[in-house]
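All values below come from the heavy atoms of this structure, side chains included, with hydrogens, waters and symmetry mates left out. As the structure is a prediction and not an experimental result, all values here were calculated from the model.
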Amino acid sequence: MKEQEIEELLVHHGVRPTANRIVVARALAEAGRPMTLTELEYRILTIDKSGVFRALTLFRDHHLVHLIEDGGDGVRYELCRSHSDHEDDDLHVHFFCERCHRTYCLEQTPVPQVEVPDGFMQTSVNYIVKGVCAHCKRKTVFTK
C-alpha cells in the first residue's frame, strides 16, 4: 500500500495518521499475513515495543486490525480492510501451520455463520484451521 492509501485507511477508521501509526500500518500491510507483536517489533526498528503496542491497541479499538488467537504462541494482528469503523466486514478463515507456527490468511474462505443460543451475544469470530502449510509439506517430501 502507498502511504496515501494507508493514511486514508487510518482516517476512514477514525485514527489520526501519525508517523508511528503509519509505520505500523505499513508493516502490517507489507507482511501480507498476521504477525505477532514480537515479529512487528523486529520488523519495525524505529519504534519501541510499547509504541507498536499502543498503535495496535488503538487500531483494534477502531476495527483497523483483526486479533487472531491461533492457539500457538499468542495473539497475531492483521490489517483489516473493513469499510466500517464499527465492525469487521472482511472476516475470513486463517490457517495455522503446526510446524513453522506461521498463520496464513485464507481470504477467499469466508467464516461460516454461527448461530449462538438465545441470551448470548457474539462479539467476534476467530476461525482457525490447523495443519501443515504447503512450504513445510514440501520440505518434508524433500527430506524423506
Side-chain angles (χ1 to χ4, degrees), residues 1-140:
M1 291 179 85
K2 296 178 184 175
E3 187 162 333
Q4 182 178 347
E5 293 173 306
I6 291 171
E7 288 182 28
E8 289 172 2
L9 186 63
L10 291 170
V11 168
H12 180 78
H13 283 269
V15 175
R16 192 166 52 89
T18 65
N20 282 359
R21 294 170 187 165
I22 291 168
V23 168
V24 173
R26 181 183 303 116
L28 287 168
E30 289 174 352
R33 65 176 183 83
M35 299 188 68
T36 65
L37 178 58
T38 302
E39 289 172 325
L40 283 166
E41 183 182 6
Y42 284 118
R43 185 177 280 247
I44 303 169
L45 301 176
T46 58
I47 306 171
D48 65 10
K49 184 176 187 173
S50 63
V52 174
F53 184 74
R54 282 193 305 273
L56 292 172
T57 300
L58 181 67
F59 292 175
R60 180 201 63 210
D61 292 345
H62 287 266
H63 299 280
L64 187 58
V65 292
H66 296 293
L67 268 65
I68 300 154
E69 301 164 22
D70 60 21
D73 56 359
V75 176
R76 294 177 185 270
Y77 300 88
E78 173 185 24
L79 193 62
C80 181
R81 310 297 173 132
S82 175
H83 301 301
S84 171
D85 61 346
H86 299 296
E87 64 181 353
D88 297 334
D89 63 4
D90 72 338
L91 293 177
H92 51 270
V93 173
H94 292 88
F95 185 92
F96 178 75
C97 179
E98 295 172 323
R99 291 200 183 144
C100 66
H101 301 276
R102 292 183 111 189
T103 301
Y104 299 88
C105 297
L106 305 180
E107 293 179 5
Q108 303 307 316
T109 308
V111 173
Q113 181 64 37
V114 176
E115 296 297 325
V116 296
D118 287 339
F120 287 74
M121 183 179 83
Q122 177 180 314
T123 58
S124 67
V125 176
N126 190 11
Y127 199 95
I128 297 286
V129 176
K130 293 183 179 184
V132 179
C133 70
H135 178 75
C136 290
K137 187 176 177 194
R138 276 193 306 275
K139 284 186 354 185
T140 301

Could you tell me the separation between the [atom1] atom of [X] and the [atom2] atom of [Y], rounded to the nearest 0.5 Å?
{"X": "Arg43", "Y": "Glu41", "atom1": "CZ", "atom2": "CD", "value": "13.5 Å"}
{"X": "His62", "Y": "Cys80", "atom1": "NE2", "atom2": "SG", "value": "13.0 Å"}
{"X": "Leu37", "Y": "Tyr77", "atom1": "CG", "atom2": "OH", "value": "6.0 Å"}
{"X": "Ile128", "Y": "Phe96", "atom1": "CD1", "atom2": "CZ", "value": "8.5 Å"}
{"X": "Lys49", "Y": "Leu40", "atom1": "NZ", "atom2": "CG", "value": "11.5 Å"}
{"X": "Leu10", "Y": "Glu5", "atom1": "CG", "atom2": "CD", "value": "12.0 Å"}

May I ask you to check whether Arg76 and Thr36 show a side-chain donor-acceptor distance below 3.5 Å?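 Distance-only check fails for Arg76 and Thr36.
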Result block: side-chain N/O donor-acceptor pairs under 3.5 angstrom for residues 14-22, not counting sequence neighbours:
| from | atom 1 | to | atom 2 | distance (Å) |
| --- | --- | --- | --- | --- |
| Thr18 | OG1 | Arg21 | N | 3.4 |
| Arg21 | NH1 | Arg16 | O | 2.9 |

His13 vs Phe59, test: ring-ring contact (aromatic ring centres under 6.0 Å, His included). Steps then yes/no. CA-CA 8 Å; His13 283 269; Phe59 292 175; 9.2 Å; no
Grab the two heavy atoms, one from [X] and one from [Y], that are nearest each other, plus how far apart they are.
{"X": "Glu115", "Y": "Gln113", "result": "OE2-CG, 3.7 Å"}
{"X": "Ala25", "Y": "Leu79", "result": "O-CD2, 3.9 Å"}
{"X": "Val24", "Y": "Ala55", "result": "CG2-CB, 4.0 Å"}
{"X": "Tyr104", "Y": "Cys97", "result": "CE1-CB, 4.4 Å"}

Can you confirm whether more than 12 heavy atoms, excluding those of Tyr127, are under 6.0 Å from its OH atom?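 Open: at most 12 neighbouring heavy atoms sit under 6.0 Å from OH of Tyr127.
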Are more than 12 heavy atoms from other residues, nucleotides or ligands located less than 6.0 Å from atom CD of Gln108?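 No, the 6.0 Å shell around CD holds no more than 12 heavy atoms from other groups.
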Let me know which of Lys130, His66, Arg33, Glu78 forms a side-chain hydrogen bond (donor to acceptor under 3.5 Å, both in side chains) with His94.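 Considering Lys130, His66, Arg33, Glu78, a side-chain hydrogen bond (donor to acceptor under 3.5 Å, both in side chains) with His94 is found only for Glu78.
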Are [X] and [Y] close enough that some pair of their side-chain heavy atoms sits under 4.5 Å apart?
{"X": "Pro34", "Y": "Ile68", "answer": "yes"}
{"X": "Ser50", "Y": "Arg54", "answer": "yes"}
{"X": "Leu56", "Y": "Val52", "answer": "yes"}

Would Leu64 and Leu58 count as a side chain to side chain contact (heavy atoms under 4.5 Å, CB included) if you check the C-alpha gap in whole Å, the side-chain angles of each, and the deciding distance to 0.1 Å? CA-CA 8 Å; Leu64 187 58; Leu58 181 67; over 6 Å; no
Lys/Arg-Asp/Glu bridge criterion (N-O < 4.0 Å) met for Lys2, Glu8: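 Result for this pair is no, no salt bridge flagged.
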Partners passing side chain to side chain donor-acceptor pair (under 3.5 Å) against Glu3 (at least two apart in sequence or in another chain):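 In terms of side chain to side chain donor-acceptor pair (under 3.5 Å), with neighbours along the sequence ignored, Glu3 is linked to Arg26.
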